[in-house]
Amino acid sequence: MAYVYEIEMMVRDYECDMQGIVNNAVYQNYLEHCRHEFLNEVGLNFGQLCKNGIDAVVTRIELDYKLPLRSRDEFIVRLGMYKQGRLRFVFEQSIVRKADGKTVLEAQVIGVLTRAGKPIAPVLFDQVFSDSGPSA
């Protein structure tokens with residue numbers, strides 16, 4: 001998967017658990033922040049989509065933890081995306097520790113767009129998908 005977007009971040013002390021590593025649930029916040037920033041970058045403001053009655057709904061997340069992050073570690077969250085079928089879209093994401101370039105986490109986030117609670121084709125992503133990778 002070719003990544004089309006990345007954002008740099010730093011671990012904050014309060015994100016760590018008693019073991020001194022980032023709590024496993026916090027990684028989803030990092031991934032989501034990256035997705036929202038990416039959408040904003042390509043002109044699809046998440047808040048505006050909601051105001052327009054379109055909700056982006058995550059239907060499945062698969063996370064593969066490789067190495068832990070610790071307080072004040074700097075890291076990069078990367079993102080690639082593609083369509084899967086007629087309704088689903090997939091974000092392939094990874095988190096890489098900046099100090100040594102090692103992969104900390106790999107993730108696949110699958111979602112759909114809904115209007116009034118019903119799935120709709122993600123046509124508003126068509127330009128983004130055409131610029132970001134394969135369609136299925």
TODO: Evaluate side-chain contact (heavy atoms from CB on, under 4.5 Å) for Phe75 paired with Val96, printing each intermediate quantity in order.
DONE: CA-CA 6 Å; Phe75 59 95; Val96 176; over 6 Å; no

TODO: Enter the distance from Ile120:CD1 to Leu87:CG here, rounded to the nearest 0.5 Å.
DONE: 9.0 Å

TODO: Give a yes or no on whether Leu79 and Leu44 share a hydrophobic cluster (residues Ile, Leu, Val, Met, Phe, Trp, Tyr; joining criterion: side-chain heavy atoms under 4.5 Å apart).
DONE: yes

Task: Aromatic contact, Phe91 with Tyr82 (centres under 6.0 Å) - done: no

Open item on the list: I need the minimum non-hydrogen distance between Cys16 and Ser71, along with the two atoms involved.
Closed with: SG-N, 3.6 Å

TODO: Tell me whether Leu39 is reachable from Val58 by hopping between hydrophobic residues (I, L, V, M, F, W, Y) whose side-chain heavy atoms are closer than 4.5 Å.
DONE: yes

Task: Joint cluster assignment, Met10 & Ile7, ILVMFWY side-chain distance < 4.5 Å - done: no

- [ ] Output the distance between atom SG (Cys34) and atom CD (Glu41), rounded to the nearest 0.5 Å.
- [x] 10.5 Å

Open item on the list: Please verify the inter-ring angle class for His36 with Phe46; under 30° counts as parallel, over 60° as perpendicular, anything in between as tilted.
Closed with: tilted

Task: side-chain contact (heavy atoms from CB on, under 4.5 Å) assessment of Tyr5 paired with Val77 - done: CA-CA 8 Å; Tyr5 183 79; Val77 184; over 6 Å; no

Task: Stepwise side-chain contact (heavy atoms from CB on, under 4.5 Å) test for Val104 and Lys66 - done: CA-CA 5 Å; Val104 171; Lys66 307 290 186 181; 5.7 Å; no

- [ ] Return yes if some donor-acceptor pair links the side-chain N/O of Asn52 with the main-chain N/O of Ile54 below 3.5 Å, else return no.
- [x] no

Task: From CG (Leu31) to OG (Ser94), nearest 0.5 Å - done: 9.0 Å

TODO: Flag yes if Leu124 and Val42 sit in one hydrophobic cluster, no otherwise; membership is Ile, Leu, Val, Met, Phe, Trp, Tyr, and two members link when side-chain heavy atoms are under 4.5 Å apart.
DONE: yes

Open item on the list: So Val22 and Pro68, do their side chains get closer than 4.5 Å, heavy atoms only?
Closed with: no

Task: Ion pair check, Arg70 and Asp73, cut-off under 4.0 Å - done: no

Task: Identified side-chain hydrogen bond (donor to acceptor under 3.5 Å, both in side chains) counterpart of Tyr30 within the set Gln93, Arg35, Glu15 - done: Glu15

- [ ] For the pair Arg60 and Glu62, find out whether any cationic side-chain nitrogen is under 4.0 Å from an anionic carboxylate oxygen.
- [x] yes

TODO: For residues Phe125 and Leu113, determine if any side-chain heavy atom of one lies less than 4.5 Å from a side-chain heavy atom of the other.
DONE: yes

- [ ] State, to 0.1 Å, how close Leu69 and Tyr27 come at their nearest heavy-atom pair, and which atoms those are.
- [x] N-OH, 3.1 Å

TODO: For the pair Leu105 and Leu63, evaluate side-chain contact (heavy atoms from CB on, under 4.5 Å) and give the outcome as yes or no after the intermediate values.
DONE: CA-CA 7 Å; Leu105 177 139; Leu63 303 173; 4.3 Å; yes

Open item on the list: Distance check, rounded to the nearest 0.5 Å: Met9 atom CE versus Lys98 atom NZ?
Closed with: 13.0 Å

TODO: Output yes when a side-chain donor or acceptor of Thr59 lies under 3.5 Å from a complementary backbone atom of Ile110, and no otherwise.
DONE: yes

Open item on the list: Has Asp100 got a side-chain atom pairing as donor or acceptor with Lys102's backbone, closer than 3.5 angstrom?
Closed with: yes

